[in-house]
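Count residues from 1 along the sequence. None of these values were measured; they are calculated from a predicted model.
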Amino acid sequence: MNWQCGKLAAAAAAGMLMLAGCSGNAAGPAAGDSHSSPANPVQGMRSQPSPSSPSPGRAAAALRRGQTSLGTVVVNGQGMTVYVFDKDAANSGTSACTGPCLTFWPPVKATAGTPQATGVTGTVGTITLPNGTRQLTLNGLPLYTYAADAKPGDTSGQGNQGFGAAWWVVGPDGRKVSSSQSPSPSPYTGQGY
């Protein structure tokens, strides 16, 4: 029990450090940029990069196919694996991941009026979060990345039970990929929430 409390305290401290680092940009965030790019105070943790604006006539795909150890899955515009959360209800218009959950499972943000998807056959849409951010959905389920995934192709969030339910990578058809790898131990599980 004590190790779980310590693990929870470490995860909370990491989240606080990350939030504190985000406010340390002397120049302030660029217009429309909700994330700064401070040096990362927590090893293994990274801020979700802000998508750059595509140049006129060249719309970047918000979602596309990518290859991982679990096969072909959906990735965001930066190539990072996207996940769905078992607590979310399809077509509910809401996300069950709120508060501290969003530190570890950032929403895949919609950056254009009509999201572009390359090679994705599921139905792509958006929901509006309470802060006004538009989050991409696939077959009505909100999409997230996992903060502990360090590079494109990583799937370390697959099967994670953080924040009260399982997280799954998603196939191009919008279905959960249920094949599982052994998730590596991580302080980002959100156990106890």
Visitor: Applying side chain to side chain donor-acceptor pair (under 3.5 Å), name anything that partners Y83, two or more places apart in sequence or on another chain.
Guide: D149

Visitor: Any heavy-atom pair between the side chains of L138 and V124 that's under 4.5 Å?
Guide: yes

Visitor: Just do the side chain to side chain contact (heavy atoms under 4.5 Å, CB included) check on W105 and W167 with the steps written out, would you?
Guide: CA-CA 10 Å; W105 297 96; W167 296 84; 3.4 Å; yes

Visitor: Quick one: does R65's side chain get under 4.5 Å of T118's, heavy atoms only?
Guide: no

Visitor: Apply the side chain to side chain contact (heavy atoms under 4.5 Å, CB included) test between P115 and each candidate in L63, V108, V120, T126; give the one that qualifies.
Guide: T126

Visitor: Which Ile, Leu, Val, Met, Phe, Trp or Tyr residues join L129 in one cluster when any pair of side-chain heavy atoms under 4.5 Å counts as a link?
Guide: I127

Visitor: For the residue pair G77 and R64, what are the closest heavy atoms and their distance?
Guide: O-NH2, 4.1 Å

Visitor: For Q67 and T72: C-alpha separation, side-chain torsions, deciding distance, then whether side-chain hydrogen bond (donor to acceptor under 3.5 Å, both in side chains) applies.
Guide: CA-CA 5 Å; Q67 292 299 315; T72 302; 2.5 Å; yes

Visitor: According to side chain to side chain donor-acceptor pair (under 3.5 Å), who are the partners of N139, at least two apart in sequence or on a separate chain?
Guide: none

Visitor: For Q158 and V169, which heavy atoms make the closest approach, and how far apart are they?
Guide: OE1-N, 2.7 Å

Visitor: Please list all pairs meeting disulfide (SG to SG under 2.5 Å) that have one or both residues in residues 76-129, counting only residues at least two apart or in different chains.
Guide: C97-C101

Visitor: What about F163 and L102, same hydrophobic cluster or not, with Ile/Leu/Val/Met/Phe/Trp/Tyr joined at side-chain heavy-atom distances under 4.5 Å?
Guide: no

Visitor: Looking at residues at least two apart in the chain, or sitting in another chain, which of them share a side chain to side chain donor-acceptor pair (under 3.5 Å) with T137?
Guide: none

Visitor: Can you name the nearest heavy-atom pair linking G119 to P172, along with the distance?
Guide: O-CB, 3.5 Å

Visitor: Minimum heavy-atom separation for A89 to L141, with atom names?
Guide: C-CD2, 3.9 Å

Visitor: Given Y146, which of D154, T81, T155, N160 fulfils the side-chain hydrogen bond (donor to acceptor under 3.5 Å, both in side chains) condition?
Guide: N160

Visitor: What's the verdict on side chain to side chain contact (heavy atoms under 4.5 Å, CB included) for V82 and L136, showing C-alpha distance, side-chain angles and the deciding distance?
Guide: CA-CA 10 Å; V82 301; L136 289 176; over 6 Å; no

Visitor: Identify the two heavy atoms, one from A96 and one from Y144, that lie closest to each other, and give their separation to 0.1 Å.
Guide: N-OH, 4.1 Å

Visitor: How would you list all residue pairs meeting disulfide (SG to SG under 2.5 Å) that involve residues 113-156, not counting sequence neighbours?
Guide: none

Visitor: Show, in sequence, the C-alpha distance, side-chain angles and deciding distance for V73 and V177, and conclude whether the side chain to side chain contact (heavy atoms under 4.5 Å, CB included) test is met.
Guide: CA-CA 8 Å; V73 302; V177 174; 4.3 Å; yes

Visitor: Just how far is it from atom NZ of K109 to atom CD of Q135, taken to the nearest 0.5 Å?
Guide: 10.0 Å

Visitor: M80 versus V75: any side-chain heavy-atom pair under 4.5 Å?
Guide: no

